[in-house]
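Input: a single structure, listed below in structure tokens.
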Amino acid sequence: MTVPETSVTDSAAAPATRAAAPASAPDVPPSHPRQSEFGFTVGTRLPNGRGRTGVIRTPHGEIATPAFVVVGTKATVKAVTPEAVSDLGGQAVLANAYHLYLQPGADVVDAAGGLGRFMNWSGPTFTDSGGFQVMSLGSGFKKVIDMKAADSSGGDDAVAPGKERLANVDDDGVWFKSHLNGDVHRFTPEVSMGVQHQLGADIMFAFDELTTLHNSRGYQVESLERTRRWAERCIREHFRLTDARVGKDYQALFGVIQGAQYEDLRRTACRDLGAMPFDGYGIGGALEKENLGTIIGWCAEELPEDRPRHLLGISEPDDVFTAIENGADTFDCVSPTRVARNSAFYTPHGRFNLSGRRYRTDFTPLQEGCDCYTCTHYTRAYIHHLFKAKEMLSHTLISIHNERFVVGLVDAARQAIEDGTFDELKERVLADYYAGTGDPQGL
Ligand SMILES: [Zn+2]
């Protein structure tokens, strides 16, 4: 069963070892009348024709794109109030259906009036389908984007070292064990849609199967076909729930493009799902960092131009520029708050760790010139002290700065596309960030 993995370049050059499923007319209604309550308008394009600015219109406001979507996995941006997220320029928040389904339960969020009202965030919201967490926590692989080149020795039943397999996929859905208490749960496309309708976010994602770079090509082909059939089921259930849940705001549904590192599979997925009445698309699954731009580019070439594209889970400034340049309109990432809890802070000259002794008496802000709440009120010495004293406020203050840094970076990229200076900005920002001066002020 196991076929040796090939890299992107190999697969592009060599004939496919196994043909992808042919595109066929999707078994779904052509559209739903309420889809007009969600919209996307393309603004200025980069000369390469893929990267672009735009505006996403939702019932809870507009998102100017490219946009960084702040992650609030459990209906909270860790250690940061919604007011602070808004003040630092965050336009939208993304929560996770899997976590909220387990705790507190989608029925609780529904009874509260939906995700935004529950967490006191008045702007646009996203939920991801839960598929990523069901399957990545299930196999013990928490990260797929930064995976090194595939190791084919793992095979299709691979689990991370020391981990028990907690998720099992079949054609109808997934059985998985809760990471909280080991209870067994069942997710299907219909269950995911039901959960996400109860959560009430403006933008939802179709339930898809996550594969890893460890899976064989044969398995990727099989999985892609399963994700295509699940996409149809998601649309049918989504339209049914849209009709059934009278009086609710329209929730947009994005299809998720899988296909790992294989050009033919990614393009097939784009054509299959592109022919379905999704409101937008997520680019998901196994991506090697060095092929990120190539894979997004294939998707941007194939997907309908008039629908937004979300890149699920990227992290570093170079990834941000690569994603925007190749046609991603929105993306999300947990890194700004995750690294903050380990006292790491972003600056234009790289990422630094505030736990170092040299910050004990450094009475400058985290980043000179930064307009965020943290940098306009506090010093490195103070936050260093909070971190060392294990005071929770250090997480809050560093998280606010880190979110502001990434949001600001993407805002600058958006402006640069409008101004025709994207390449210059990218070159300058990346040169400074990766110069390795070892000093956050670049002195
Ligand atoms: Zn700051």
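Ligands are counted one by one from 1 in listed order, and the atoms in each one are counted from 1 as well.
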### Task
Measure the spacing between CG of L100 and CG of D107 and express it to the nearest 0.5 Å.
11.5 Å

### Task
Starting at OH of Y346, measure out to CZ of R351 and round the result to the nearest 0.5 Å.
5.0 Å

### Protein N, O or S atoms under 2.8 Å from the Zn ion (ligand 1)
4

#### Entry: Listed partners of D110 passing salt bridge (charged side-chain N to carboxylate O under 4.0 Å, His left out), at least two apart
R245, K248

### Task
Indicate yes or no: does D279 engage R307 in a salt bridge with an N to O separation below 4.0 Å.
no

### Message
If you apply the rule side-chain contact (heavy atoms from CB on, under 4.5 Å), what do you find for K78 with S399, and how did you get there?
### Response
CA-CA 8 Å; K78 285 188 193 299; S399 294; 6.0 Å; no

### Message
Which label fits H185 and Y101: parallel for a plane angle under 30°, tilted from 30 to 60°, or perpendicular past 60°?
### Response
perpendicular

